[in-house]
2 protein chains.
Amino acid sequence: MPSVRGRGVTEKATDKGAQCCGTAKLPSLPEYETALECPMTEPQFKSWQSIQDEVLRRIHAREWPPGAVIPNEADLAQEFGCARATVNRALRALAELGLVERRRKAGTRVALHPVSRATVDIPVIRQEVSALGKIYEYRRLSRARAAPPLGLARRFCAEGLIQCLHVTALHLASGEPFVFEDRWINLETAPSADAQDFKALNANEWLLANVPYTHGEIRLAAQAATEAEAMILNARPGAPLFVIERLTWDHVRAVTFARLSYAPGHSIVTQLGAAP
Amino acid sequence: MPSVRGRGVTEKATDKGAQCCGTAKLPSLPEYETALECPMTEPQFKSWQSIQDEVLRRIHAREWPPGAVIPNEADLAQEFGCARATVNRALRALAELGLVERRRKAGTRVALHPVSRATVDIPVIRQEVSALGKIYEYRRLSRARAAPPLGLARRFCAEGLIQCLHVTALHLASGEPFVFEDRWINLETAPSADAQDFKALNANEWLLANVPYTHGEIRLAAQAATEAEAMILNARPGAPLFVIERLTWDHVRAVTFARLSYAPGHSIVTQLGAAP
DNA sequence: TTGAATATTATGTCTATACATATTAATCTG
DNA sequence: CAGATTAATATGTATAGACATAATATTCAA
């Protein structure tokens, strides 16, 4: 018999007899529990999810309007009939979503300007294409050892000249150009890349599997297609392209810089707020 | 005397004398603690942050390479000399970052293709401008009641004709055009918007403060500037503009649709991975 | 009245324990 | 040996209690 969740009392068979709820319970006899089922006081919120939902409901219903300070964890725990840690879990999750703001001593308040915190997943291109139900294909266009252009060298924080591998490639979705990739790999950080020709193997996937990185930076922008990009991507020169630039580091050493130019029409969509 | 953190033993003065670490401790005498300081076995990891750091270190150092299954929570807790809940907290945070994947019974493994999970904060424009150290200014350009164009009506999931408020506005940063806003407000969901002229008051800020929403959708794209946008934003027609479209809902009713066209050169930058 | 010292308070975190749940591995059966 | 049943296991979550920490309120003194 699976335990009933979300409704009813569902007294846990803990070793300690007394719960925070003051009323002493009889040694669990199902019939009695059903009969007693409390004086129909409050619905029981047991999981942190259900508490999150209830808090969200109150925020959306403007019971707790933007800017308002909500009751403290201890009070909510008592109201919901659960442990403070459970309330904490729920409120912490809401704070991560940017819907409430929490400060010690000051308490928790409903965000006045809930920043639209969109979690943008930028997947490996192979999976991005697969998710569209299309067939992924990869074509390396060029590969050369070269010093990076000045602007990039500066972003690599490299003094003087450094050796890089410059790889350009095209990713296709069911035969159509999808993304043009312009990548620089720092050979001082990843010397083993020099042994790869990247003809069949995607540089990004090879790097992920073989060269560690600790952190990075992503830039999303709109840029006009260059002559070369336009030709490769079947676009007209100057067409607005969605561009993602990614720069990754292993501790203090730059690993790689990639500029991904998407074919015209590409966009990124993400959902806002908790699931309804 | 502030307690030492991160190094040393720092035995907590809990009521229960025995910790999970088998060795019985003397009633805390600082000198003894320093003298005993264990047989230099292992550094103590006390906070979930420090455990996260150590796990990250092992992943970056390829001690746990991509795809590898890492020890289970109980074992790690024993190794680190902490409670399982603490290890859980650390690993859960890493899972949210997309760096490890967790499944019950199967365990925790280092992500093979760590999706670049960039958390893009899309702030209220006033704050975005302030953050750039510039002076925010707002100018309403037009306001009219109108039925939305067909495409938008469909996205509003509206049968037949619905009344909307159509507001266009320009947001400026230190006098320079920053964002052109093209907004449709569903008057069936937010009838009180009809009483506002939005001449001085930013529609977004008014909506945030006065009309609740439960969820939404954000789209990031690159689009060519229309004639009108070009004129307003001081750009040439066809220039690539970074565009954010936002559609918000209150339960099942559409609230508002906004299209924000940023002046040329705008980009969004976010950091990847945990802080180094 | 200002400024420093102290108390208060709400969140943040850790612990130990118990139970829930999903999933795989093992075992039993036909 | 196939398929169903059962056991084992790792993560997921709830709880009570204790202490940590940050920030505000209050008190007291110069």
Side-chain angles (χ1 to χ4, degrees), chain A residues 1-6 9-22 25 28 44-52 55 68-78 80-96 100-109, chain B residues 1-6 9-22 25 28 44-53 55 69-78 80-96 100-109:
Chain A
M1 176 175 53
S3 71
V4 184
R5 287 193 70 83
V9 172
T10 320
E11 172 76 329
K12 273 196 180 171
T14 36
D15 46 352
K16 293 151 191 167
Q19 288 283 73
C20 53
C21 157
K25 300 266 167 57
S28 59
Q44 292 285 322
F45 298 96
K46 307 223 47 134
S47 72
W48 68 268
Q49 286 278 2
S50 66
I51 288 168
Q52 191 187 50
V55 170
V69 175
I70 76 177
N72 69 40
E73 294 185 351
D75 290 352
L76 285 177
Q78 188 165 23
F80 293 145
C82 68
R84 184 170 77 88
T86 311
V87 175
N88 181 283
R89 181 88 159 79
L91 294 183
R92 185 155 41 81
L94 288 175
E96 276 168 15
V100 301
E101 287 160 7
R102 322 191 72 201
R103 264 176 36 238
R104 284 180 174 163
K105 164 79 182 179
T108 302
R109 64 176 60 225
Chain B
M1 175 176 57
S3 70
V4 184
R5 286 193 70 82
V9 172
T10 320
E11 171 77 330
K12 272 196 182 169
T14 36
D15 46 352
K16 294 150 192 167
Q19 288 282 73
C20 53
C21 158
K25 300 266 168 56
S28 58
Q44 293 284 323
F45 297 97
K46 306 219 53 130
S47 72
W48 68 269
Q49 286 279 3
S50 67
I51 287 167
Q52 191 188 50
D53 289 347
V55 170
V69 175
I70 77 176
N72 68 42
E73 294 185 350
D75 290 352
L76 286 177
Q78 188 165 23
F80 293 145
C82 67
R84 184 168 78 87
T86 311
V87 174
N88 182 284
R89 180 89 160 81
L91 294 184
R92 185 155 41 79
L94 288 176
E96 277 168 16
V100 301
E101 286 160 7
R102 322 192 71 198
R103 265 177 35 239
R104 285 180 174 165
K105 165 78 182 179
T108 302
R109 64 175 59 226

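Within every chain, numbering begins at 1; the chains are lettered A, B, ... in the order of the sequence lines, protein sequences first and strands thereafter. What you see is a predicted model, and the numbers here were worked out from it, not measured in a lab.
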Check your understanding: Taking CD from Gln49(A) and P from dT13(D), how many angstroms apart are they, rounded to a whole number?
Key -> 7 Å
Review point. To the nearest angstrom, how far is Arg84(B) atom CZ from dT15(C) atom P?
Key: 13 Å
Revision key, fill the gap. Value for CD1 (Ile70(A)) from CZ (Arg102(A)), rounded to nearest 0.5 Å, stands at 7.5 Å
Exercise for review: May I ask you to say what Arg89(B) touches in the nucleic acid, namely base, sugar-phosphate or nothing, with a heavy-atom cut-off under 4.0 Å?
Suggested key: sugar-phosphate
Exercise for review: Give a yes/no answer on whether the side chain of Thr86(B) brings an N or O atom under 4.0 Å of OP1 or OP2 in dT15(C).
Suggested key: yes
**Study point:** Nucleotide dT9(D), atom P - distance to CZ of Arg102(B) in whole Å
**Key:** 18 Å
Practice item. Mind listing the closest non-hydrogen atom pair of Gln52(A) and Ala93(A) along with its distance? Key: NE2-CB, 3.4 Å
Exercise for review: May I ask you to evaluate whether Thr108(A) reaches the phosphate of dA10(C), defined as a side-chain N or O under 4.0 Å from OP1 or OP2?
Suggested key: no
Practice item. Using heavy atoms to find the nearest nucleotide of DNA chain C for Gly107(A) and Ala85(A) separately, return the residue whose nucleotide is more 5′. Key: Gly107(A)
Practice item. Starting at atom CD of Glu96(B), determine the distance to atom C1' of dT11(D), rounded to an integer number of angstrom. Key: 14 Å
Practice item. Would you mind reading off the distance between Gln78(A) atom CD and dA14(D) atom P, rounded to a whole angstrom? Key: 19 Å
Point to revise | Spacing of OG1 belonging to Thr108(B) relative to CG belonging to Leu76(B), to within rounding of 0.5 Å | key: 8.0 Å
Show each protein N/O and nucleotides 22-25 of chain D N/O combination with a separation under 3.5 Å, one pair to a line.
residue	atom	partner	partner atom	Å
dA22(D)	O4'	Arg104(A)	NH1	3.4
dT24(D)	OP1	Arg103(A)	NH2	2.8

Check your understanding: Could you give the CD-to-P distance, from Glu73(B) to dT13(D), as a whole number of Å?
Key -> 11 Å
Show which side-chain atoms of residues 85-92 of chain B pair as donor or acceptor with protein atoms under 3.5 Å away, not counting sequence neighbours.
residue	atom	partner	partner atom	Å
Asn88(B)	OD1	Arg92(B)	NE	3.4
Asn88(B)	ND2	Glu73(B)	OE2	2.9

Revision key, fill the gap. note: Asp75(B), atom CG; dT9(D), atom C1'; distance rounded to Å ~ 12 Å
Point to revise | Integer-rounded Å distance: dT13(D) P and Trp48(A) CH2 | key: 6 Å
Practice item. Verify the contact: side-chain N or O of Asn88(B) to OP1 or OP2 of dG12(D), cut-off strictly under 4.0 Å; return yes or no. Key: yes
**Study point:** Qualifying residues under side chain to side chain contact (heavy atoms under 4.5 Å, CB included), relative to Arg103(B), sequence neighbours excluded
**Key:** Ala106(B)
